Amino acid sequence: MGMWSGGSAGGWSSNIGGGGHGPRAGHWGSSWGRSDGWEEEYGKLYNPHLIRRISRYLIPHKRWSLVGLVAMIVFAAASFSQPYIIFLALQDFIATGDLRGLARLMGVFVALALVAWVAEFVRQWAMARIGHRILLTMRQQVFDHMMSLSQSFYDDAEVGRVMSRVTSDVQVLQELLTTGVLTVVSDVIGLGIVIGFLLLIDWQLAL
């Protein structure tokens, strides 16, 4: 992803998502033949400027992003709570032979599983809706930008690299803005829930 933000890759870094064409297109065409920023930036793990720029694609979809985030939080809470229910069943009901209490607890377990399933369905639906629209916007901007470039640019540019950035790189950015972000949020919430249950069960062992 760092190749999108290379210092000499002026066309990509200044026009995609920025709304401008014109003079920048000439700069991109002239610089690609020498260096397009791939070598300088390839392998960079984190670029704050790039993250801020691509995150703006989520702004028109704030409502559905919030729906997906809430669904992800509910899914994480419901799914990571299930092992604690099993712990309670083993310690408080199976060990004591309380079958009625065990049946009630299993009802809670099934309810949590259903809640997790519904929340995951809503999350996937919301993220698919956002993802397809972001992908459409990005590819329209890339297409408009490439149509503004001079013929001399295409004489010097490597066809494989151009096609990679138009197709696979755009797809990767779209997945980062949708699935990737929520996966990180889910992992953080799940880790917090697990730590909370460990502290609740045995805080000394947890520490």
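Since the structure is predicted, the reported quantities are computational estimates derived from the model, not experimental observations.
Within the 4.5 Å cutoff, no side-chain heavy atoms of Arg123 are placed close to those of Leu69. Annotation: side chain of Asp144 is not in contact with side chain of Gln141 (no heavy-atom distance under 4.5 Å).
Under a hydrophobic-cluster definition in which Ile, Leu, Val, Met, Phe, Trp and Tyr are linked whenever side-chain heavy atoms come within less than 4.5 Å, directly or via other members, Met72 and Val74 are assigned to different clusters. In the hydrophobic cluster analysis, where Ile, Leu, Val, Met, Phe, Trp and Tyr join through side-chain heavy atoms closer than 4.5 angstrom, Leu135 is grouped apart from Phe143. Transitive grouping of hydrophobic side chains (ILVMFWY, heavy atoms separated by less than 4.5 Å) brings Tyr84 and Phe80 into a common cluster. Phe197 and Val115 sit in two unconnected hydrophobic clusters of ILVMFWY residues. Membership requires side-chain heavy atoms under 4.5 Å apart, directly or through other members. One hydrophobic cluster holds both Val185 and Ile134 under the rule that ILVMFWY side chains link at heavy-atom gaps under 4.5 Å.
Counting non-hydrogen atoms of neighbouring residues, nucleotides and ligands closer than 6.0 angstrom, the CE atom of Met106 exceeds 12 such neighbours. Few gaps surround CZ on Phe87; more than 12 heavy atoms of other groups in view lie less than 6.0 Å from it.
The side chain to side chain contact (heavy atoms under 4.5 Å, CB included) check on Arg104 picks up Arg100, with sequence neighbours excluded. By the ring pair (Phe, Tyr, Trp, His ring centres under 6.0 Å) test, Tyr154 pairs with no residue at all, sequence neighbours left out. Legend: residues meeting ring pair (Phe, Tyr, Trp, His ring centres under 6.0 Å) with Trp125, ordered by chain and number and at least two apart, are Trp64.
Here the closest non-hydrogen pair linking Ala78 and Leu112 is CB-O, 3.6 Å. Heavy atoms only, all atoms of each residue included: Ala76 and Ile193 are closest at O-CD1, 3.7 Å. Shortest non-hydrogen contact noted between Ser79 and Ala116 is N-CB, 4.3 Å.
Exactly one residue among Leu205, Leu199, Leu198, Leu200 makes a side-chain contact (heavy atoms from CB on, under 4.5 Å) with Asp202. That residue is Leu205. A side-chain contact (heavy atoms from CB on, under 4.5 Å) with Leu191 holds for exactly one of Ile195, Ile189, Asp187, Val188; it is Ile195.
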